[in-house]
Amino acid sequence: MNSFRNSVIEDARVLTADYLPNEMVARDSERQEIARNLRPMTEDQPPIDMLIYGPPGTGKTSMARYVVEELKSKMFANSAYVNCFSHKSKFEIFYEMLDKKLTVPRDGTSTEKVIQLFREKVRDSPTVIIVDEADQVVDDEVMFELSKLNNTGLIMIANDSNVFGHFDSRVRSRLSGVRKIHFRSYSVDQIVEILKRRREHGLRTDSVSDKQLKAIAKAADGDARVGLNSLRTAAQESEKQGNENITDKIIEQSVEVSKSRTRISSLERLNKHQKTVYEILEENGRMKMGNIYQSYCEQIDDNKSKRTIRRYMNKMEAYEVIDSEGAKKAKRYALAD
DNA sequence: AGTCCACTGGAACTTGAGGAAT
DNA sequence: ATTCCTCAAGTTCCAGTGGACT
C-alpha cells in the first residue's frame with residue numbers, strides 16, 4: 001500500500017475501532033456464552049437467540065462478529081449483519097441482509113417478496129443474523145419474522161436490555177427464550193490491554209509508552225472506541241509531524257479531539273427536536289419534564305406532542321446523550337457527563 | 001395518611017406518502 | 001386515473017404510580 005517508511009504507523013487499519021482483532025480482551029465468559037448458544041448449529045440444531053446489551057464501546061458488535069467468524073471457521077455457515085440505525089423498516093432490514101441487491105433503490109418489490117428472497121437465501125446454509133442497534137426497530141413484526149426463520153440464529157445488539165418492552169405480547173413471548181448477555185464498561189486496565197495489542201500490530205512498538213496508553217485509557221472512560229480513536233489520532237498526528245515518538249502533548253490533544261468527535265457524532269444522530277431539548281438542558285442543567293417541554297415549545301414553531309418528545313428523550317437516554325435521576329414527579333433530566 | 005397531580009408508558013387512532021391493483 | 005393498501009411517524013387518550021404537600 002505505502003512504499004514510504006512510516007515513522008510511527010505500521011498498519012493503520014489495526015488502529016480503527018472496526019478492525020476485528022484475532023483475540024478479544026477481557027470478555028472470555030461472554031465469548032464462551034455466545035459460542036455456547038450458537039453451538040447447536042454445528043449439530044444441525046437450532047441455536048439459542050441472544051440479546052447483547054451494554055453501553056457504547058464495550059465490544060458488543062466486535063464480539064458478535066468475532067464469535068460468528070469463529071463458528072464459520074468450524075462449519076459451513078453464513079452470516080448477515082444489519083445496523084438498524086440506518087435501516088429501520090422491515091423492508092430495509094431484510095433488503096440489507098440480501099447479498100444480491102435488486103434494482104436500486106426501490107423497484108416496487110414488496111416487503112413480502114424481500115422476506116421471501118431472504119428465506120430462500122437462508123434455506124440451504126445455516127445463517128447467523130446480527131441485528132445491531134436493535135432498539136431502533138419500531139416494528140415488532142420485524143423481530144417476529146426474524147425469530148421465526150428456520151435455519152438461522154439471531155444475535156440482537158442494543159444499549160439497554162429493555163428493547164422488547166414496546167413489542168406486543170405475541171412477539172415478547174416469541175422472544176422470551178432469548179438469552180441476555182450484559183457487556184459492562186471496560187476498566188482502565190482492560191482498555192490499556194486493548195490499546196497494547198493494537199500497538200503491537202499497528203505501531204512501531206516504542207513509539208508510544210505504556211504510561212501514555214494509560215493516560216488515553218483513563219480519558220476513554222470505559223469506552224474502547226474512544227480509546228482507539230484517541231490512539232489513532234495521536235499516531236496520525238505524530239506521523240504528519242514526522243516525529244519518531246508520540247509526545248504527551250499530542251496525546252492530550254488527541255484525547256480531546258476524539259472525545260468531542262464522539263460527542264458530535266452522537267449529536268449528529270439527533271433530530272431537530274432532540275437537538276432543541278439538548279440545547280435546553282445544556283443551558284439550564286437539571287430540569288423536570290414539564291419545564292423542558294415548555295421551553296421546547298417556546299423555541300420551536302412546529303412543536304411535536306409531549307408524548308413524542310418523551311419518546312425522543314427515551315432514545316437519547318438509551319444512547320447516553322442525556323441522564324435522568326429520580327422517579328415520577330421527582331424525575332429530573334440532564335445532559336450525560 | 002390522605003389527597004392531589006405531574007409524570008410515565010401502553011394502546012388505539014390519525015395522517016400522509018407512496019406503491020399496487022384495477 | 002382512481003381507488004385501495006401498507007407502512008412509518010406522530011398524536012390522543014388513559015390508567016397507574018409515587019413524590020409533594022397538607
Side-chain angles (χ1 to χ4, degrees), chain A residues 53 82-98 101-119 131-148 158-176 268-278 280-281 284-336:
Chain A
Y53 69 98
V82 60
N83 186 318
C84 302
F85 185 79
S86 34
H87 305 99
K88 294 184 214 276
S89 73
K90 192 166 160 187
F91 178 93
E92 283 179 306
I93 287 168
F94 278 91
Y95 183 76
E96 184 63 20
M97 296 192 302
L98 290 173
K101 299 297 180 201
L102 308 160
T103 4
V104 235
R106 287 193 72 143
D107 58 357
T109 312
S110 70
T111 305
E112 274 312 310
K113 182 78 200 292
V114 173
I115 294 176
Q116 190 51 43
L117 287 171
F118 188 70
R119 282 213 189 90
V131 182
D132 210 343
E133 310 213 38
D135 43 352
Q136 291 291 329
V137 179
V138 276
D139 182 0
D140 43 10
E141 277 295 320
V142 176
M143 289 306 173
F144 190 68
E145 293 284 350
L146 285 170
S147 65
K148 247 177 23 182
N159 286 122
D160 68 296
S161 65
N162 194 24
V163 282
F164 311 134
H166 65 283
F167 291 159
D168 78 31
S169 55
R170 183 186 52 139
V171 181
R172 275 215 301 276
S173 81
R174 181 96 210 174
L175 295 175
S176 61
E268 273 168 356
R269 299 169 140 221
L270 305 180
N271 65 31
K272 175 174 97 177
H273 306 278
Q274 289 172 315
K275 277 183 187 143
T276 306
V277 169
Y278 184 92
I280 289 166
L281 289 173
N284 301 312
R286 220 158 263 288
M287 290 174 85
K288 55 180 179 177
M289 188 61 212
N291 295 341
I292 295 172
Y293 188 68
Q294 205 182 343
S295 316
Y296 160 78
C297 288
E298 283 164 12
Q299 289 192 25
I300 215 156
D301 310 326
D302 53 336
N303 62 305
K304 302 283 182 196
S305 73
K306 202 169 182 176
R307 185 74 188 88
T308 299
I309 294 305
R310 264 188 306 109
R311 264 202 257 275
Y312 284 163
M313 288 174 66
N314 290 346
K315 278 277 178 284
M316 291 166 79
E317 197 170 355
Y319 280 91
E320 300 191 324
V321 175
I322 62 175
D323 255 346
S324 68
E325 59 176 37
K328 299 287 164 187
K329 283 181 88 164
K331 194 155 184 171
R332 296 289 183 281
Y333 296 87
L335 297 189

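All values below were derived from every heavy atom in this structure, side-chain atoms included, with hydrogens, water molecules and symmetry-related copies excluded. Residue numbering restarts at 1 for every chain, and letters A, B, ... go by the order of the sequence lines.
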What is the distance, rounded to the nearest whole Å, between atom [atom1] of [X] and atom [atom2] of [N]?
X        : N      : atom1 : atom2 : result
A/Met289 : B/dG9  : CE    : C1'   : 12 Å
A/Glu317 : B/dT8  : CD    : P     : 10 Å
A/Asn314 : B/dT8  : CG    : P     : 8 Å
A/Arg307 : B/dA12 : CZ    : P     : 14 Å
A/Lys328 : B/dC4  : NZ    : C1'   : 15 Å
A/Lys288 : B/dA6  : NZ    : P     : 8 Å
A/His273 : C/dA9  : NE2   : C1'   : 11 Å
A/Asn303 : C/dT12 : CG    : P     : 10 Å

**Asked** Quick one: CD1 on A/Ile300 to OG on A/Ser295, what's the gap to the nearest 0.5 Å?
**Response** 12.0 Å
**Prompt:** Is A/Tyr293 near enough to B/dA6 that one of its side-chain N or O atoms lies under 4.0 angstrom from OP1 or OP2?
**Reply:** no
**Request:** Please determine if a side-chain N or O atom of A/Ser305 lies less than 4.0 Å away from the OP1 or OP2 oxygen of C/dG10.
**Result:** no
Of the listed nucleotides ([options]), which one gets closest to any side-chain atom of [X]?
X        : options               : value
A/Arg310 : C/dT12, C/dG19, B/dT8 : B/dT8
A/Lys306 : C/dG10, B/dC7, C/dA20 : B/dC7
A/Lys90  : B/dT8, C/dA8, B/dG10  : C/dA8

**Prompt:** Of A/Lys329 and A/Arg311, whose nearest nucleotide on DNA chain B comes first from the 5' end?
**Reply:** A/Lys329
**Complete:** Here the pair of heavy atoms bringing A/Ile93 nearest to A/Cys84 is CD1-SG, 3.9 Å
**Considering all heavy atoms, the nearest A/Tyr333-A/Leu281 contact** = O-CD2, 3.5 Å
**Asked** Among A/Glu317, A/Arg286, A/Lys288, whose side chain to side chain donor-acceptor pair (under 3.5 Å) with A/Ser324 holds?
**Response** A/Glu317
**Request:** With sequence neighbours left out, write down each residue that passes side-chain contact (heavy atoms from CB on, under 4.5 Å) with A/Asn314, or none if nothing qualifies.
**Result:** none
**Asked** Using a cut-off of 4.0 Å on non-hydrogen atoms, how would the nucleic acid contact of A/Tyr333 be classed: base, sugar-phosphate, or nothing?
**Response** sugar-phosphate
